[in-house]
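Just the heavy atoms: all of them, side chains too, but no hydrogens, waters or symmetry mates, feed the values below. Residue numbers start from 1 in every chain, and the chains themselves are labelled A, B, ... in the order their sequence lines are given, proteins ahead of strands. As the structure is a computational prediction, the values presented were derived from the model and not from experiment.
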Protein chains: 2
Amino acid sequence: MKVLVVEDDQFHGAYLQDALVEALPEMTEIIQSSDGEAGEDEARRGAIEAIVMDLQMNRRNGIEAARAIWSERPQTRILFWSNYADEAYLRGIAQIVPEDSAYGYILKTASRERLKLALRAVLIEGQIMVDREIQRLQKSQTSPRTRIEDSEFAVLIDLALGLQDKLIAERRSMSLRTVQNRLLSLYEKLGVVSELDEDLALNKRVRALNRALFTRTINIEILDAAQRDLDKWLASRR
Amino acid sequence: MKVLVVEDDQFHGAYLQDALVEALPEMTEIIQSSDGEAGEDEARRGAIEAIVMDLQMNRRNGIEAARAIWSERPQTRILFWSNYADEAYLRGIAQIVPEDSAYGYILKTASRERLKLALRAVLIEGQIMVDREIQRLQKSQTSPRTRIEDSEFAVLIDLALGLQDKLIAERRSMSLRTVQNRLLSLYEKLGVVSELDEDLALNKRVRALNRALFTRTINIEILDAAQRDLDKWLASRR
DNA sequence: AGAGGTGTTGCGGGTTCCCGCAACCAGTTT
DNA sequence: AAACTGGTTGCGGGAACCCGCAACACCTCT
């Protein structure tokens, strides 16, 4: 059994290799890639079935790589391991995960024992395993007061890219007024209206992006990928 | 001689300890802190003279910690080591570095040899040492076409926090029109006017923040600190 | 069938933003 | 002294944004 590790931090990569050797005696080979693109190539070439994937990488992030890999081989088992429990990652993964595939999401701060457990559960047993921290994050989104719906999230992404209302409306196929309604509820849910100083006037658009970044509702990797999607859409529009 | 290490990633911390032991035989003790606040306390308690400081930390970032430490003991020698060569960090450090103090800035991707060299040069010899990557960054800012002046940077920060023009003008003591002029040149320098699609209308404010984040002119840690400054200013205003 | 909740859309208007134009004030060059 | 350069400020107007109000569609519950 071959395992592919996609990880751009050498220290974390070494630690992971170590844990892999301990946890998976049935493993015959470890292949290492240092960014998403190289990881994709390796997965294609080696017909890999088990992957450990970092999410935050320079050239191409883990979610995009996973999407490409899964679209070719949906039965591939992928354990994501990441520094942060970012809501943006969760949404990204939820959107691309194929039916009946095995995946997991574990934080880098998890203990070695928990990491080894996750490695066995996902890569060998084909289970789905999500870190407690991340589960907690999902729970906190059950309240309709604070939960950001997918349709709102899409508008948030476009806002963050700097699109104007009219263009968002066109891209997401809604009326101008509907876009503005979504923005309204986003401002509400992100706490744009300045908790303390009620009377303090802010630029709501920028503030929304600011809050979304701090609450880790979105992050730079996700925006980077979204920008590429936008470019594609723009090119196809004309 | 005691050395304080302020670093929240356990792997990086362990690697650093290792390198310290090799590079500095005159060292008698290593003290480890995992965030800026704890680091400050340790520096105060132990009367530390040599510090290695990560910049990106959760509770309190390295620049703020360094400012506090230097304000009490300006002769303290600090080697910053960071994942990224962010312009925002450079500006932050440049503003707080005391006269005649020794400091350095090295990237985590630097080789072990270079790290050890920097450790000796800064902590023992009291030299100033800046990573080549970072030097290169500074060089690229010499052209007045692209270099962002400090006054522009201040406006950029306020923009990123979500302040409106009027409030920025008040805070930075300029007229409304001057603020808008600064914004104008920021839009220019950050490349807000959509390189390819000239006719594509964007929300310039949001786009400016977006670009500034991607070019690493600012980053989230800096914004976090700036938010606290803003809160203080707001409190003092009334 | 009727009531109530939720989401979408148009209209209208107050506010903020973006920026061209022009005046003004150093400081520097010719 | 005159001209030039770069930064600051006021005025004014068009565009974008924010949002209250009201109409309508669709769904669910009684």
Side-chain angles (χ1 to χ4, degrees), chain A residues 141-194 197-212, chain B residues 141-194 197-212:
Chain A
Q141 285 164 34
T142 48
S143 156
R145 266 278 188 290
T146 51
R147 164 164 179 79
I148 292 176
E149 307 297 331
D150 284 349
S151 63
E152 287 163 352
F153 190 75
V155 171
L156 176 59
I157 292 287
D158 287 352
L159 177 147
L161 293 176
L163 300 192
Q164 295 186 170
D165 293 1
K166 204 165 48 171
L167 209 54
I168 301 177
E170 186 186 338
R171 185 176 187 203
R172 305 297 178 185
S173 303
M174 5 179 180
S175 81
L176 195 62
R177 193 61 185 83
T178 301
V179 171
Q180 293 173 338
N181 277 338
R182 293 279 149 79
L183 287 173
L184 210 61
S185 66
L186 277 172
Y187 297 157
E188 187 72 31
K189 290 176 181 175
L190 289 170
V192 164
V193 276
S194 175
D197 288 284
E198 281 294 330
D199 53 342
L200 181 64
L202 293 174
N203 181 306
K204 303 205 169 182
R205 290 194 150 228
V206 174
R207 191 65 185 174
L209 174 50
N210 182 308
R211 298 307 307 155
Chain B
Q141 285 162 33
T142 47
S143 156
R145 266 282 186 287
T146 51
R147 167 167 175 77
I148 292 176
E149 307 297 331
D150 284 349
S151 62
E152 288 164 352
F153 190 76
V155 172
L156 175 59
I157 292 288
D158 286 352
L159 177 147
L161 293 176
L163 301 193
Q164 296 188 170
D165 294 359
K166 204 164 49 171
L167 208 53
I168 301 178
E170 185 186 339
R171 185 176 186 202
R172 304 296 179 185
S173 304
M174 359 178 182
S175 82
L176 194 63
R177 194 63 186 80
T178 301
V179 171
Q180 293 173 337
N181 277 337
R182 293 279 149 79
L183 287 174
L184 210 60
S185 66
L186 277 172
Y187 296 157
E188 189 71 32
K189 290 176 182 176
L190 289 170
V192 165
V193 276
S194 175
D197 288 285
E198 281 294 331
D199 54 342
L200 180 64
L202 293 174
N203 182 305
K204 304 207 169 182
R205 293 196 145 224
V206 174
R207 191 66 186 173
L209 174 50
N210 182 308
R211 298 308 306 155

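Judged by distance alone, the side chains of A:R207 and A:N203 never bring a donor and an acceptor atom under 3.5 Å apart.
Taking atom CD of A:Q164 as the reference point, atom C1' of C:dC18 lies 11 Å away to the nearest angstrom. Here the C1' atom of nucleotide C:dC21 and the CG atom of B:L184 are 13 Å apart, to the nearest Å. D:dA16 atom P lies 16 Å from atom CG of A:L159, rounded to whole Å. For the pair B:E152 CD and D:dT8 C1', the interatomic distance rounds to 14 Å; values are reported in whole Å. Residue B:L190 contributes atom CG, which lies 13 Å from atom P of C:dC18 at whole-angstrom precision. The CG-P distance, from B:L167 to C:dC17, rounds to 10 Å in whole Å. One atom, CG of B:N203, and another, C1' of C:dC18, lie 11 Å apart when rounded to the nearest Å. Remark: P of C:dG20 and OH of B:Y187 are 13 Å apart, rounded to the nearest angstrom.
Between B:K204 and C:dC19, a side-chain N or O to OP1/OP2 separation shorter than 4.0 Å is present. Between C:dT15 and B:K166, no contact under 4.0 Å exists linking OP1 or OP2 to a side-chain N or O.
Atom-to-atom distance recorded for A:E152:CD and A:E188:CD is 11.0 Å, nearest 0.5 angstrom. Atom OG1 in B:T178 sits 11.0 Å away from atom CG in B:L183 (nearest 0.5 Å).
The only option from B:L156, B:N210, B:L209 that meets the side chain to side chain contact (heavy atoms under 4.5 Å, CB included) definition with B:L190 turns out to be B:L156.
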So if I define the base as every atom that isn't primed, P, OP1 or OP2, how would nucleotides 4-12 of chain C read as a B/S/- string at a heavy-atom cutoff under 4.0 Å?
---SBBBB-

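For B:D158, the side-chain hydrogen bond (donor to acceptor under 3.5 Å, both in side chains) partners two or more places apart in sequence, or in a different chain, are B:R171, B:R172. With sequence neighbours left out, A:Q180 forms a side-chain hydrogen bond (donor to acceptor under 3.5 Å, both in side chains) with A:D165.
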